[in-house]
Structure formats: C-alpha cells, structure tokens
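Quick note: numbers below take in every heavy atom, side chains included, and nothing from hydrogens, waters or symmetry partners. For this chain, numbers begin at 1 and follow the sequence in order. Being a predicted model, the structure only gives us computed values, none of them experimental.
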Amino acid sequence: MKDGTGRTTTVKFRLLGHMHATSGDGEEVELGPAKQRSVLAMLLSDAGEVVLADQLVDGLWGAAPPPGARGTLYSYVARLRRALHAHGVELRRHTGGYVLQVEQEQVDLHRFLRLVDEAQAVHEGPRAAALLHEALSLCRRELLVGLPGPWAAGTRTRLEQVRVAAALRYHEIQLAAGRAEEIVARIYELAMAHPLDERLAAQLMTALYQCGRQAEAVQVYEAVKENLGSRLGVAPGPDLRGVLLRVLPDRHPAAPAASAAAPHAAPHAAPHAAPVAGVHLVGAPVVGAPVVGRPRQLPAALADFTGRDQALDEVVRHLAGSSEHGVGLAVIAGPGGVGKSALAVQAAHRLCQSFPGGQLYVDLHGLDPRPADPAEVLERFLRALGVHRTAIPDGLEPRAEMYRDLLAERRVTVVLDGAGGEAQVQPLLPGAPGSAVLVTSRYRLPGLPGARPWQLGMLPRHDALDLLRAIAGHERFEREPRASDELVRLCAGLPLAVRVAGARLAARPHWPVGRLAARLADPRLCLDELSHGTADVRATLAAGYRLLEEPARRLFTSLGLDGRTRFSAATAAALLGTDLPAAHDLLARLVEVCLLDAAGGDEFVMHPLTVVYARERGQAEERATARTGS
C-alpha cells in the first residue's frame with residue numbers, strides 16, 4: 001500500500017506477545033492506551049473484513065458496557081485512524097462497523113494460524129516439523145499481553161489451545177526422530193506453563209527418559225500427580241501412568257524412539273517393574289475426584305416440534321461429523337420467538353447416542369439486565385460432572401481450565417441457550433475434540449471460531465397450521481378453514497405467536513377460531529391476546545428493544561408509527577431527518593438484534609407483530625412527551 005506521499009509502506013503488526021506495530025523503515029507506530037490497542041487487535045483479527053461497532057463494544061466491555069461506551073469507542077477509532085493513516089494504513093467506516101485495510105501476512109497472528117493449518121495438511125514429518133517450528137517461533141511467550149476486555153481474554157485462551165496443540169505435534173515428530181536433546185527445554189517451558197496438562201507431562205517424561213534422565217522423569221510425574229490431586233481432586237490418567245511404567249529407573253534401556261514419541265498410546269509395563277516410593281500406579285481416586293456418570297441436564301424435547309426438519313437434520317449431521325476433528329459448534333440465531341431453543345434442545349436429544357458422555361444445558365439469559373455469569377455457569381457444570389464443591393477453584397480461568405480438562409476425555413453435548421455475545425460463550429467451550437456445542441442467540445456471533453451458523457426464519461403457512469392443529473386439536477380448524485387461515489396469517493409465521501394462539505384456543509374449547517382471529521386483527525388487542533402463561537410475544541420483543549441505544553430506539557418507534565412492513569433506507573433517513581449513512585448504521589443495529597430483516601439492496605422488512613409493538617412504543621413515548629410538555 002502507499003502512504004500520502006506515494007511511497008510504498010508495509011506496516012507489520014505483532015499480537016502474539018506485547019502488541020506493537022512497525023513501519024517498513026522500522027519506525028514504531030503509536031497505538032495508544034490498552035483499550036485502544038484492544039480495538040485495533042479486534043480489527044486486525046478480522047483484517048480486511050467488516051467488524052461491527054457492537055462487536056467492538058462487546059469485546060471491550062462485555063454484555064454490560066458502561067454509559068458512554070459507544071462514544072469512547074468512536075474516540076479510540078478516530079485516534080487509530082489518524083495514527084495508522086500516517087503510515088499508509090486505512091481504517092474505513094463501513095455500514096454498522098469498520099474495515100482495517102491490512103493484508104493478513106502483515107499480522108503475526110494470521111501468519112501463525114496459516115502455518116499451523118499448512119502443517120495439519122502435511123503428512124511428512126520433516127516438512128510438518130519445519131512449518132510448526134516456524135509457527136511456534138512466533139509465539140513463544142504470553143499472547144496478547146496487557147490487552148483488556150472479554151475479547152482479548154477469550155482469544156488468548158483459544159490461541160493458547162492452538163499453540164499447545166501445535167507444540168504437541170511438533171514434539172511428537174521430534175521425539176520420534178530421536179531429537180529429544182534439542183526440544184527437552186522447550187517442552188519443559190510449556191509444561192511448566194500448563195501444570196495440569198497430562199499430555200505435555202507425558203512428552204516431558206518421554207524426552208527426559210530419552211536423554212537418560214529417568215529420575216527427573218519420575219519427579220515430573222510426582223509433581224503432576226500432586227497438582228492434579230490438590231487442584232482438581234483427580235488422579236493421573238492411564239496414559240500418564242503407562243509412561244511412568246516405561247521410564248522407571250530399573251527398566252531396561254529405552255524403548256524404540258517411535259513408541260516413545262507417542263505417550264498418548266500407553267506403553268506396556270515390564271513384567272517385573274518395581275514400584276517407586278511415593279508413586280501409586282493403581283488405586284482408588286483421591287477424595288473429591290469426579291464421579292463417573294452422565295450429566296443429563298437437557299429440558300424435555302417438544303412433542304409437537306414442527307416445521308424445522310431440514311434445519312434439524314443439518315444441525316445433527318454437522319455436529320455428529322465435525323466433532324471428530326474439533327469441537328463441533330453450531331450457532332442457531334434468529335429473532336425472539338422463532339424457535340431457536342426448541343431446535344437446539346431437539347437436536348441435542350438426537351445427539352445423545354453420538355455423545356454418550358452426557359448433556360449439559362444452561363439458559364444464559366443473555367438479554368436480561370443481569371445475564372448469567374460464565375464463572376457461575378462453570379461451577380454448575382463442574383458439579384454436574386461430579387466435582388465436589390470444595391474442589392472447585394475460585395475465578396473464571398481456573399474453573400474454565402478444570403472444565404476443559406474434564407471434558408478432554410468425554411464426548412458430551414453442551415447447549416448454551418440465549419447467549420448475549422461471544423464473551424459469554426467462549427469460557428464455556430470445551431477445549432479438545434470430541435464434544436458438540438449448540439449455542440442459541442439473537443446475535444449471529446461471528447466471533448466464535450469454527451462455528452457453523454443457522455439463521456432461523458418464520459414458519460411457512462402449512463407448518464404453522466400443523467403446529468396450531470397439534471396444540472389445539474384438528475377438528476376445530478377443519479370446521480373453520482377460513483378463520484384458521486386468517487389466524488395463521490395474523491401470526492405471520494412466528495412460532496411463539498402460533499404456539500400462544502394454539503394454547504389460548506386449547507384453554508378455551510368453547511371459543512370459535514374466528515373469535516381469536518378477530519381479536520388478533522385489532523392492533524389494540526393483538527399483543528394482549530398473544531400472551532399465555534410464561535409465553536409472551538410482547539415481552540420477547542421488549543427484550544430486543546432494551547438492547548437498543550437511543551438513536552436506534554427512535555428509528556424503531558418511528559418505523560412503527562409509519563406502519564409499513566417494508567421500506568427503504570431512504571425512508572428511514574427521512575423519518576429521522578438524517579443522512580443515508582447514519583440511517584444505514586441504525587438499520588444495521590436493528591438487523592443485528594433481529595428487530596428487522598435486510599431484504600436486499602436498500603430494502604428492509606419488519607415483521608407485522610414487530611410493527612405493532614414498535615407502534616405501541618412510539619405512541620407511549622408521544623403520550624409521555626405530551627404530558628411533560630417537552
């Protein structure tokens with residue numbers, strides 16, 4: 001790229017360590033304070049792609065940003081734009097967000113991930129080792145040092161998992177080639193940073209054994225055993241105990257290098273291996289160890305589940321197939337009341353045979369004023385997995401570490417319902433392949449790596465009618481086919497509305513279908529009628545409205561008072577008396593929280609029931625303004 005004088009400049013960005021940037025001539029680029037650097041890091045992680053302003057706010061402050069957060073974000077972006085522009089790097093505004101015009105090869109994070117991916121595709125040991133060595137040389141120390149916020153914390157955890165996985169394979173290749181002396185210090189450094197990782201401990205013991213340092217290998221086992229017992233309340237697994245049997249001091253000379261390189265495949269013990277003082281090869285788990293069992297936390301599947309057969313089959317196939325290569329992750333997004341939770345729970349029940357280790361479920365209440373705290377969720381999950389409450393550590397990261405460790409050897413299904421953002425989800429993800437995770441959210445959560453998204457829309461007419469019949473009985477609808485069609489039309493395919501309408505009819509067997517249809521046709525009564533028990537369409541729409549800032553709220557209510565279900569961005573700009581780019585930003589926010597759908601081009605669509613709610617809000621605000629005289 002060229003700077004303002006026409007000179008070609010190449011700025012290099014480093015995230016894997018202390019964050020800094022240098023121009024092609026070695027000049028340091030001033031990046032500002034820590035939170036501003038976090039903004040830049042988020043933009044660099046999606047270099048060349050649009051990053052929504054709300055993703056940046058969420059990444060800096062989480063689900064409960066402070067007052068004025070958006071204004072603070074704008075200040076950070078403006079300062080970064082000036083600093084980067086001076087070195088030929090453009091930070092451009094885009095609808096609802098920003099794009100940093102940087103090639104991925106200018107960012108060490110992307111080079112690291114590319115090298116790891118290339119190594120995964122290579123089967124020849126020497127070539128894979130060379131790629132992994134180059135990748136690991138980029139991140140030998142702590143990652144994203146000093147960057148605050150949920151995004152940095154979650155990304156730091158994910159990158160560390162990638163680094164450890166890459167290091168494990170690199171060590172395995174080098175040990176198989178008899179190069180233990182060259183890498184033993186590297187393994188030791190990483191194993192000390194992860195004292196509960198039995199895979200690293202096994203490789204360190206194997207490397208020490210190949211170097212003729214059997215006593216030190218046994219000391220490593222003792223240290224790991226002590227850590228596991230005191231911090232997790234568990235004993236070393238069979239793989240690590242198998243490595244111990246092979247490295248005991250009285251054993252014969254080292255086994256062939258190839259077998260030493262694979263500590264995860266426990267070697268056979270010698271027939272007369274003598275025990276070492278203080279080392280327990282077999283025995284009952286220590287007090288507080290998890291009880292082997294299957295947590296079964298799923299809510300009941302809906303007996304009248306209707307109309308999502310294709311999406312259900314796709315989600316189940318994806319998770320059953322992808323979990324062998326990584327954590328299978330599906331994000332089911334869509335507006336409130338569209339049936340995200342029902343689909344996720346139905347899919348999780350279908351997956352029980354594929355994931356026999358059990359099922360974990362939590363409602364994250366992501367849209368509530370007080371969403372679920374991931375640390376508290378982890379405590380519940382750990383208890384469900386059999387960890388005694390006295391063995392559960394304090395703090396989010398220690399609990400997340402214990403959780404990932406326990407799930408490393410199990411195949412479980414985890415349902416994270418109603419997520420408010422990536423930061424709430426990331427600590428709850430398993431770290432090793434073999435498990436499946438279903439996340440539901442009104443947001444699309446593009447920041448979750450490896451997630452396959454499903455965006456749920458409204459039910460087709462015939463599926464909505466089938467759902468009504470299943471809830472309220474077939475005969476009533478056969479007697480009043482026209483009224484039934486009208487009722488389905490008024491619900492406009494929203495599963496929650498259909499379900500509430502069916503429940504109200506089932507509770508009033510003397511009502512004709514036409515009576516409820518007539519009441520739904522009256523905008524003054526419509527949302528009152530679509531409430532039954534805990535199911536409430538108005539409350540569901542209000543949860544989305546609470547997420548909006550003042551300018552977006554004003555646009556939402558203006559659209560409701562206007563009354564159209566389909567309109568252009570120019571119409572929105574005219575209603576607010578603002579310019580088109582500003583209107584696009586606000587429309588993007590309404591789309592993000594699923595109160596609006598983009599229909600292509602500059603056209604947007606609002607669900608008829610959402611229009612009714614927006615009109616209610618607008619009229620209430622007009623009355624409040626009239627009362628105050630302002």
Side-chain angles (χ1 to χ4, degrees), residues 139 141-143 153-154 156-169 171-172 184 186-208 216-244 247 263-264 266 278-281 283-292 327 357 374-375 378-379 381-410 412 426-435:
C139 56
R141 297 291 186 267
E142 186 181 350
L143 312 172
R156 196 176 290 120
T157 298
R158 294 196 306 276
L159 287 175
E160 184 64 9
Q161 292 170 0
V162 175
R163 178 171 77 147
V164 170
L168 285 168
R169 189 180 177 208
H171 300 159
E172 183 175 332
V184 66
R186 177 193 289 267
I187 302 176
Y188 181 86
E189 177 185 7
L190 195 57
M192 292 306 99
H194 296 272
L196 301 178
D197 195 318
E198 295 185 53
R199 301 166 301 172
L200 285 168
Q203 287 190 339
L204 179 57
M205 291 171 66
T206 301
L208 290 168
E216 291 177 65
V218 174
Q219 290 172 354
V220 169
Y221 179 89
E222 287 280 23
V224 173
K225 176 175 173 288
E226 173 62 26
N227 271 319
L228 290 172
S230 62
R231 296 176 60 178
L232 300 185
V234 299
D239 289 353
L240 193 59
R241 294 200 303 268
V243 175
L244 176 66
V247 305
H264 52 276
V279 177
H280 306 284
L281 303 181
V286 297
V287 174
V291 178
V292 177
V327 176
L378 285 169
E379 181 178 13
F381 280 180
L382 290 170
R383 294 285 298 275
L385 290 165
V387 180
H388 192 272
R389 61 179 178 80
T390 59
I392 296 175
D394 293 329
L396 177 62
E397 285 304 316
R399 289 179 179 180
E401 184 177 325
M402 177 185 283
Y403 171 71
R404 291 191 296 267
D405 186 72
L406 289 176
L407 293 190
E409 303 300 327
R410 305 176 70 139
V412 301
Q426 285 159 349
L428 307 177
L429 299 178
S435 291

Please give me the minimum heavy-atom distance between Val327 and Pro430, naming the atom from each residue. CG2-O, 3.4 Å
Considering all heavy atoms of both residues, which atom of Pro398 and which atom of Asp394 are nearest to each other, and what is their separation? CG-O, 3.4 Å
Side-chain touch Tyr403/Leu385, heavy atoms, less than 4.5 angstrom: yes
Which heavy atom in Arg383 sits nearest to a heavy atom in His388, and how many Å separate them? CD-C, 4.5 Å
According to side-chain hydrogen bond (donor to acceptor under 3.5 Å, both in side chains), who are the partners of Arg158, at least two apart in sequence or on a separate chain? Thr155
Let me have the donor-acceptor pairs involving side chains of residues 187-196, under 3.5 Å, with sequence neighbours excluded, atom names and distances please.
from: Glu189; atom 1: OE1; to: Arg140; atom 2: NH2; distance (Å): 3.0
from: Glu189; atom 1: OE2; to: Arg141; atom 2: NH1; distance (Å): 2.8
from: His194; atom 1: NE2; to: Glu160; atom 2: OE2; distance (Å): 2.4

Non-hydrogen atoms of His171 and Gln203 that approach each other most closely: ND1-OE1, 2.8 Å
Pick one: which of Val220, Leu168, Val224 meets side-chain contact (heavy atoms from CB on, under 4.5 Å) with Leu200? Leu168
For Ala408, the side chain to side chain contact (heavy atoms under 4.5 Å, CB included) test, sequence neighbours excluded, returns Ala432
Output all residues satisfying side chain to side chain contact (heavy atoms under 4.5 Å, CB included) with Val184, sequence neighbours left out; order by chain, then residue number. Leu204, Ala207, Leu208, Arg213
Arg410 side-chain N/O to Gly357 backbone N/O, donor-acceptor pair under 3.5 Å: yes
Please lay out, stage by stage, how Phe381 and Leu406 fare under the test side-chain contact (heavy atoms from CB on, under 4.5 Å). CA-CA 10 Å; Phe381 280 180; Leu406 289 176; over 6 Å; no
Gln219: what forms a side chain to side chain contact (heavy atoms under 4.5 Å, CB included) with it, not counting sequence neighbours? Glu216
If I compare all heavy atoms of Met402 with all of Pro393, which pair ends up nearest, and what's the gap? CE-CD, 3.4 Å
Counting N and O atoms only, with roles assigned by atom type, does the side chain of Arg399 sit under 3.5 Å from a partner on the main chain of Ile392, one being a donor and the other an acceptor? no
Less than 4.5 Å apart, any side-chain heavy atom of Pro427 and any of Thr157? no
The side-chain hydrogen bond (donor to acceptor under 3.5 Å, both in side chains) partners of Asp197 (sequence neighbours excluded) come to Arg199
How long is the span from the CG atom in Leu228 to the NZ atom in Lys225, to the nearest 0.5 Å? 9.5 Å
Report the distance from atom CG of Leu396 to atom CD of Glu379, rounding to the nearest 0.5 Å. 12.5 Å
Between Gly237 and Glu198, which heavy-atom pair has the shortest distance, and what is it? N-OE1, 2.7 Å
